[in-house]
Amino acid sequence: MINITFPDNSTREYESGVSSLDIANSISPGLARQVYAASLNGETRDLSRPVNEDARIVFHKWNDEEARHTFWHTSAHLLAAALEELYPGIKFGIGPSIGNGFYYDVDPGDGKVISESDLPVIEKKMKELAKQKIGIERIEISKARALEIFDKKGDEYKTELISELEDGNISLYKLGNFVDLCRGPHLPGTESIKAIKLLSLAGAYWRGDEKRKMMTRIYGITFPKAKLLEEHLLMLEEAKKRDHRKIGKELELFSFSQKVGMGLPLWLPRGSELRQRLIDFMTAELKRRGYTIVTTPHIGNVELYKTSGHYEKYGSDSFQPLNTPQEGEQFMLKPMNCPHHCEIYNASPHSYKDLPVRMAEFGTVYRYEQHGELHGLTRVRSFTQDDAHHFCEPDQMKDEFKKIIDLVQWTFKSLNFTDYTAQISLRDASDKEKYIGSDENWEKAEKAIIEAAGEKGMQTTVVEGEAAFYGPKLDFMVKDAIGREWQLGTIQVDYNLPERFDLSYTGSDNQKHRPVMLHRAIFGSLERFVAVLIESTAGKFPLWLTPDQVIILPVSEKYHDYSKKVLNFLNNSDIRTLIDERNEKVGKKIRDNELRRIPYLLIVGEKEENSSTVSVRKQGKGDIGTMELEEFTNFIRQQVSEELNIK
RNA sequence: GCCGAUGUAGCUCAGCUGGUCAGAGCAGCUGAUUUGUAAUCAGCAGGCCGGGGGUUCGAAUCCCUUCAUCGGCUCCA
């Protein structure tokens, strides 16, 4: 007999070899129907696996990530089983569960292609198999035996994976005729997979290596109930409506032109205004925080980038140098502002008393991004960074780091960006060749970042091997409408450029010292930031930021004169106001201007003209009553100042 | 760069297996209406069906190629 302890600390006795599913059933069949996995002493296991020793058990229902991962992992196997029936000889790579569903990477064989039109057929086969209530069996075998099985099958991907595993702990899972190398855990059977949708199809390099074969990746999602799938698909549809490319077009914020060139955004008047407002907003804050603003050219001599090291590292993947007609000099479109800033630092001598120097620029940079990388405003070839460099004494590094984190937190809070994550990227200590700089400096910098983030109360994830080649960094990531993560703000330590540009300051000991340089951007790039802002607000920007704050809707032509008076009054009060003089009914004007996401609509007709008032409609809320003009301007001003005075 | 898909009026989209297939709604313009809280009515105008080749008596429709876009992969100073 064994003792099983439940989350409430109660204990029950079971016979050794009982399955987690049996245990669930012994509590209630209702529970057993709802659980998809169980954790035994913290390890997630198949429900069907026997339990042979005393353990603490936790059952995982759909709301637990463990349950969904198990569910989707089994679904990936179900997909593979369907594929194996439909495409004899197909070979399998990996098929994991992901945050929202699962995928399987497959190689259908030379010359064979799976395309999107095939997905419904595969989906149908999966449904058939799921209905057959196929039990899933776990088989533990030796490495040699595993190699033999997959070698016989001719699946070189699986044999490659197996050959890298330690002998002794290899498990296979069998779902009908489909046998897969897999650590598990899995569902006991396919019957709980009730709703199945294959979502998309993509190429993916085997093991993420672009030099290796491109496999076909099939993405899908499944649920235990049809209704959950419906809701999920609806959610995806809603998310698509928030796509910044769509809203950017609708609201006339930006566009692209094939003639100008791909990845080169054109900011339309309304978008430009919004962008400029962000710049003004940030500039004012930078001045309060001790930054100086600088401006540098869009090109730089190729020698500048040879000095900085960027040419060697990225020269061949950049726009190629421009040549002067007479002297044959070479200039590059600037991919970074930092080399220019280093030369500004060098333009005058520095004492330790001047440090830290905080040099900021809204600098437009140009990077050659691969064709397939371009994506709306989030990945472009020309973008403006809200870039700055802090030149400081080594001892000041941590403090400067904290100041920057504070600015990021302040900015995001002011813009109501609450849903961001922070990632600390360290170097891969096992591959030091990839990085430049001494071990000592790296260690100092990594320690400063970790401590600074901790002291500012940031929740961070630490990822090794993601550091820039010259130093560790702290990145701020935000998700877009469909859950893709984008990096916005970044703070990076750099010992390299001060060395290469021979930066120095005179210390209190009257000796020359080398400053440390911190790179940082808060928005990251204005392009990407605006993209993410559009997706998070669905185009309903804060009042202070939005291009047009108010629109006047005269009930008929008779009230155009009064409307113009209102317009002048509001514009004179610095409220960005438009007037809709079209020959349309109010209902139509309301609808159109709601769709334009204008925060306040003012309806004016006979009543308003006679009483010198406006009838106010708030976007998304409807009629909020009648106000006198003065009252309305105060109302708007107050809202703006509330939005901007978040401390 | 790689894999798959898409590309028809300013926008959103119809147009099946090649033969009145160049269409609709919205936007635009003109006129009527003078309008009270999410779509007033009528008329007009708009496209070399992404570009370039080809197959065919005939191509938006089939093939090749090229460009761009979308979903991923790889990359991202």
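To find a chain, count down the sequence lines: A is the first, B the second, and so on, and within it residues start at 1. Quick caveat: nothing in here was measured; it's all calculated off a predicted structure. Values reported hereafter were calculated over all heavy atoms of this structure, with side chains retained and with hydrogens, waters and symmetry mates removed.
Nucleotides rG53(B) and rU61(B) have their P atoms positioned 14 Å apart, rounded to a whole Å. Straight-line distance between the P atoms of rC41(B) and rG15(B): roughly 27 Å, to the nearest whole Å. Between rG58(B) and rA42(B), the distance separating the two P atoms is 43 Å to the nearest Å. Nucleotides rG46(B) and rA24(B), compared at atom C1', are 13 Å apart to the nearest Å. Rounded to a whole angstrom, the distance from the C1' atom of rU40(B) to that of rC21(B) is 33 Å. A distance of about 29 Å separates the C1' atoms of rA14(B) and rC57(B), rounded to the whole Å. Atom C1' of rC29(B) sits at a distance of 24 Å from the matching atom of rC48(B), rounded to the whole Å.
For Lys565(A), the NZ atom counts as loosely surrounded, since its 6.0 Å shell holds 12 or fewer non-hydrogen atoms of other residues, nucleotides or ligands.
Taking atom CZ of residue Arg212(A) and atom P of nucleotide rC75(B), one finds them 14 Å apart after rounding to whole Å. Across the protein-nucleic acid pair, Lys249(A) atom NZ and rC11(B) atom C1' stand 8 Å apart, rounded to whole Å. Summarising the geometry, the separation between CZ on Arg582(A) and P on rC41(B) is reported as 14 Å, rounded to the nearest angstrom. Rounded to an integer number of Å, the gap from His375(A) NE2 to rC73(B) C1' is 15 Å. Rounding to whole angstrom units, CD of residue Glu252(A) and P of rG28(B) are separated by 11 Å. Whole-Å rounding puts the Tyr368(A) OH to rG1(B) C1' distance at 7 Å. If you measure from atom CZ of Arg381(A) to atom P of rA68(B), you get 8 Å, rounded to the nearest angstrom. Distance CD (Glu466(A)) to P (rU74(B)): 11 Å, rounded to an integer number of Å.
Between Tyr104(A) and Phe92(A), the ring center distance clears the sub-6.0 Å criterion.
Ranking rG71(B), rA38(B), rA77(B) by closeness to the Arg245(A) side chain, first place goes to rG71(B). Distances from the side chain of Gln492(A) to the nucleotides rG4(B), rA77(B), rU34(B) place rA77(B) closest.
Under the 4.5 Å side-chain criterion, counting only non-hydrogen atoms from C-beta, Val294(A) is in contact with His341(A). Proximity of Lys313(A) to Tyr470(A): side-chain heavy atoms (C-beta onward) are nowhere separated by under 4.5 Å. Side-chain contact between Thr577(A) and Ile551(A) is absent, with no heavy atoms from C-beta onward closer than 4.5 Å.
The stretch residues 595-605 of chain A comes close to RNA chain B through Ile603(A), Gly605(A), each having a heavy atom under 4.0 Å from the strand. Annotation: proximity of residues 232-241 of chain A to RNA chain B (heavy atom, distance under 4.0 Å) is found for no residue. Residues from residues 473-487 of chain A that place a heavy atom under 4.0 Å from any atom of RNA chain B, listed by number: Ile482(A), Arg484(A).
Here Tyr103(A) lies out of heavy-atom contact (under 4.0 Å) with every strand. Among the heavy atoms of the strands, none lies under 4.0 Å from Phe256(A). The residue Met214(A) sits close to a base: some heavy atom pair falls under 4.0 Å. Residue His519(A) is classed as having no contact, given no heavy-atom separation below 4.0 Å to the nucleic acid. When heavy atoms are screened at a 4.0 angstrom cut-off, Ala204(A) is found touching the sugar-phosphate backbone but no base atom. Nucleic acid contact class of Arg217(A) (heavy atoms, under 4.0 Å, all strands): sugar-phosphate only. Within the nucleic acid shown, Glu608(A) comes within 4.0 Å of at least one base atom, counting heavy atoms only. Backbone-only engagement by Val586(A) is indicated by non-hydrogen atom pairs under 4.0 Å involving sugar-phosphate atoms exclusively.
Sequence order on RNA chain B of the closest nucleotides to Met215(A) and Tyr219(A) puts Met215(A) first from the 5' end. Comparing Ser318(A) and Met262(A), the nucleotide of RNA chain B nearest to each residue sits closer to the 5' end for Met262(A).
Shown here, rU40(B) forms a base pair with rA32(B); the pair counts as Watson-Crick or G-U wobble because both key distances fall under 3.5 Å. In a base pair of the Watson-Crick type (N1 to N3 plus N6-O4 or O6-N4) or a G-U wobble (N1-O2 and O6-N3), with each distance short of 3.5 Å, rC76(B) is matched with no nucleotide. Under the Watson-Crick and G-U wobble criteria, each requiring two contacts below 3.5 Å, nucleotide rA5(B) is paired to rU69(B). Base-pair partner of rC26(B): rG10(B) (Watson-Crick or G-U wobble, both distances under 3.5 Å). In this structure, rU56(B) makes no Watson-Crick or G-U wobble pair, since no nucleotide meets both defining distances under 3.5 angstrom.
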>> Applying ring pair (Phe, Tyr, Trp, His ring centres under 6.0 Å) to Trp486(A) and His375(A), what does each step give before you reach the verdict?
In response: CA-CA 11 Å; Trp486(A) 297 96; His375(A) 183 97; 5.4 Å; yes
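One cannot find a donor-acceptor pair under 3.5 Å joining the base of rG72(B) and the side-chain atoms of Glu373(A).
A cation-pi contact, defined as under 6.0 Å to the ring centre and within 45° of the axis, links Arg217(A) to Tyr103(A).
At rC73(B), none of the side-chain N or O atoms of Tyr205(A) fall inside 4.0 Å of OP1 or OP2 (strictly under the cut-off). One finds no side-chain N or O of Lys211(A) lying less than 4.0 angstrom from the OP1 or OP2 phosphate oxygen of rC73(B). Distances shorter than 4.0 Å separate some side-chain N or O of His371(A) from OP1 or OP2 on rA68(B). Close to rA77(B), at under 4.0 Å from its OP1 or OP2, lies no side-chain N or O of Arg367(A). Residue Arg379(A) has no polar side-chain atom (N or O) positioned under 4.0 Å from OP1 or OP2 of rG72(B). Phosphate proximity of rU74(B) to Arg207(A): absent, as no side-chain N or O sits under 4.0 Å from OP1 or OP2.
Under the side chain to side chain contact (heavy atoms under 4.5 Å, CB included) rule, His244(A) has a single partner from Glu535(A), Glu527(A), Lys249(A), which is Glu535(A).
With hydrogens and angles ignored, the 3.5 Å screen pairs no side-chain donor or acceptor of Glu252(A) with any backbone N or O of Leu268(A).
Note that CZ of Phe529(A) is 6.5 Å distant from CG of Leu488(A), once rounded to the nearest 0.5 Å.
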